[in-house]
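Heads up, the thing below is written out as structure tokens.
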Amino acid sequence: MKILVTGGCGYIGSHTILRLLEGGHDATVVDNLSNSQYESLLRVQKIAGRELVFLEADITDPVALDRVFEHNPVDAVIHFAGLKAVGESVQEPLRYYRNNVTGTLNLLESMDAHDVRTLVFSSSATVYGNNPQMPLKEGYARGATNPYGRTKQQIEEILIDLQASDPRWRMALLRYFNPVGAHPSGLIGEDPLGPPNNLFPFVSQVAVGRRDTVNVFGSDYPTPDGTGVRDYIHVMDLAAGHSAALDYLSDHQGVHTWNLGSGQGHSVLEIIRSFEKAAGRSIPYNLADRRPGDAPVSLADPSSAFRDLGWKAAETLESMCADSWRWQENNPNGYRTEAVPAVP
Ligand code: UD1
């Protein structure tokens, strides 16, 4: 199939495109490079030994999007493009709604106008908000607690309404838990611009010496060691989940929602210890206050994805840490070649 991938230069997009190319699909990538580097796609092509088409365009520009569909054959779309920092979304809600919600509306209108009605959407476990029922199942109540999460929830609702109005649409809503790790080659991985908000990139930047110490946000949670527990999912497993969802849509109409998680929980301290083993060095940390808005535990029930797609997470905490470390060690400055000054 010919797959249009929005936001394909980013972390999850680049790993998924590699999987698509290796599976014999063709990829056209649209990205505005606002939070990613084109270098990621050069490396994807190098690993795959195949070429893709890259178009620098912004999904908030409907004219540019229409041009993409006019000039490139597309059978299905995987939609990753979006802003994703919770704190920033609280400061700049309009930018988040414009990029994520308006951008998606533009994409859906262009798809409809060009008779493309198969879509895999990057949703997030964040739509469950602070729902305490663990593990989380797809049918549980949603209640995102910040503008970023609400953009994901609103887009899910828009997709459901659209499919109800026209049964020709085929949609997969993939709710990611905590994506980590990197391709085992160490050539592609996560490359956040500025200080990382998420645990794994922060820990790996401390391990490589770009930052001094990890702040552990909260050590008095009702969890075995008092630190937050999350369901970490290797990005290679996540990439396989997208490809399985796409296959499923080739013979199923409707809207289908799947959690993509491992179903296993790990605490912040477990992550630090496991990363220390992978990197062979100690990682200084400091017990700090809770981060506002954080839940004590977040865990997926991934059984629907296994039932419908035959997909389940195959990687381990060891491989998540080893692959993250290989990427970080080989690319201390991410995709940039010039050194990024160490920031405490
Ligand atoms: C966060 C977002 C979530 C988003 C997801 C993926 C919040 C409240 N949630 O999830 O909406 O979908 O990222 O982008 O921001 N931690 C530390 N020190 C750090 C960073 C994190 O102790 O420097 C802890 C957190 O308190 C948490 C765990 O590590 O217990 C994982 O944090 P993180 O990687 O930011 O993911 P989430 O908070 O689960």
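Scope of the values below: all heavy atoms of this structure, side chains included, with no hydrogens, waters or symmetry mates. Order of appearance sets the numbers: ligands from 1, and atoms from 1 within every ligand.
When hydrogens are left out, the protein atom nearest atom 12 (O) of ligand 1 is Ser124 OG, 3.2 Å; that is the closest non-hydrogen contact. For atom 8 (C) of ligand 1, the nearest protein heavy atom (residue, atom name, distance) is Asp294 OD1, 3.1 Å. Among protein heavy atoms, atom 7 (C) of ligand 1 sits closest to Val86 CG2, 3.6 Å. In this structure, atom 22 (O) of ligand 1 lies nearest to the protein heavy atom Phe217 N, 2.8 Å. If you check which protein heavy atom lies closest to atom 10 (O) of ligand 1, you get Asn178 ND2, 4.1 Å. Ranking the protein heavy atoms by distance from atom 33 (P) of ligand 1 puts Asn198 ND2, 3.5 Å first. From the protein, the heavy atom lying nearest to atom 35 (O) of ligand 1 is Arg291 NH2, 2.8 Å. From the protein, the heavy atom lying nearest to atom 11 (O) of ligand 1 is Thr126 OG1, 3.1 Å.
Proximity to Asn197 (heavy-atom distance under 4.0 Å) selects the following atoms of ligand 1: 20 (C), 35 (O). Atoms of ligand 1 found under 4.0 Å from any heavy atom of Val216, numbered from 1 in the order shown, are 22 (O).
If you check the side chains of Ser36 and Asp31, you find a donor sitting under 3.5 Å from an acceptor. One side chain, Ser122 or Tyr176, offers a donor N or O that lies under 3.5 Å from an acceptor on the other.
Here Lys2 does not pair with Asp75 in a salt bridge; the nearest charged N to carboxylate O distance is not below 4.0 Å. A salt bridge links Arg142 to Glu156: one of the charged nitrogens lies within less than 4.0 Å of a carboxylate oxygen. A salt bridge does not link Asp237 to Lys312: none of the charged nitrogens lies less than 4.0 Å from a carboxylate oxygen. Between Glu39 and Arg336 there is no salt bridge, since no side-chain nitrogen of the basic residue lies less than 4.0 Å from a carboxylate oxygen of the acidic one.
Taking distance alone, with nitrogen or oxygen atoms compared against 3.5 Å, Lys84 stays at or beyond that limit from ligand 1.
Note on ligand 1: Gly218 sits outside its first shell, no heavy atom being nearer than 4.0 Å. Residue contacts with ligand 1: Tyr232 is included, with a non-hydrogen atom under 4.0 Å away.
By the criterion of a heavy-atom distance under 4.0 Å, both the backbone and the side chain of Leu199 are placed next to ligand 1. Contact annotation for Tyr148 and ligand 1: only side-chain heavy atoms (C-beta onward) come within less than 4.0 Å of the ligand. When heavy-atom distances to ligand 1 are checked against a 4.0 Å cut-off, Asn215 comes that close only through its backbone atoms N, CA, C and O.
In terms of the ring-ring contact (aromatic ring centres under 6.0 Å, His included) criterion, residue partners of Tyr232 (sequence neighbours excluded) are, by chain and number, Phe200.
The CG atom of Leu238 sits 6.5 Å away from atom OG1 of Thr16, with the distance rounded to the nearest 0.5 Å.
In this comparison of Arg230, Lys152, His266, the heavy atom closest to atom 27 (C) of ligand 1 sits on Arg230.
Hydrophobic clustering places Phe121 together with Met171 (ILVMFWY residues linked when any side-chain heavy atoms are closer than 4.5 Å, directly or through intermediates).
A distance-only check finds no donor-acceptor pair linking the side chain of Ser123 to the backbone of Arg175 [under 3.5 Å].
Here the two rings, on Tyr335 and Trp327, have centers that are under 6.0 Å apart.
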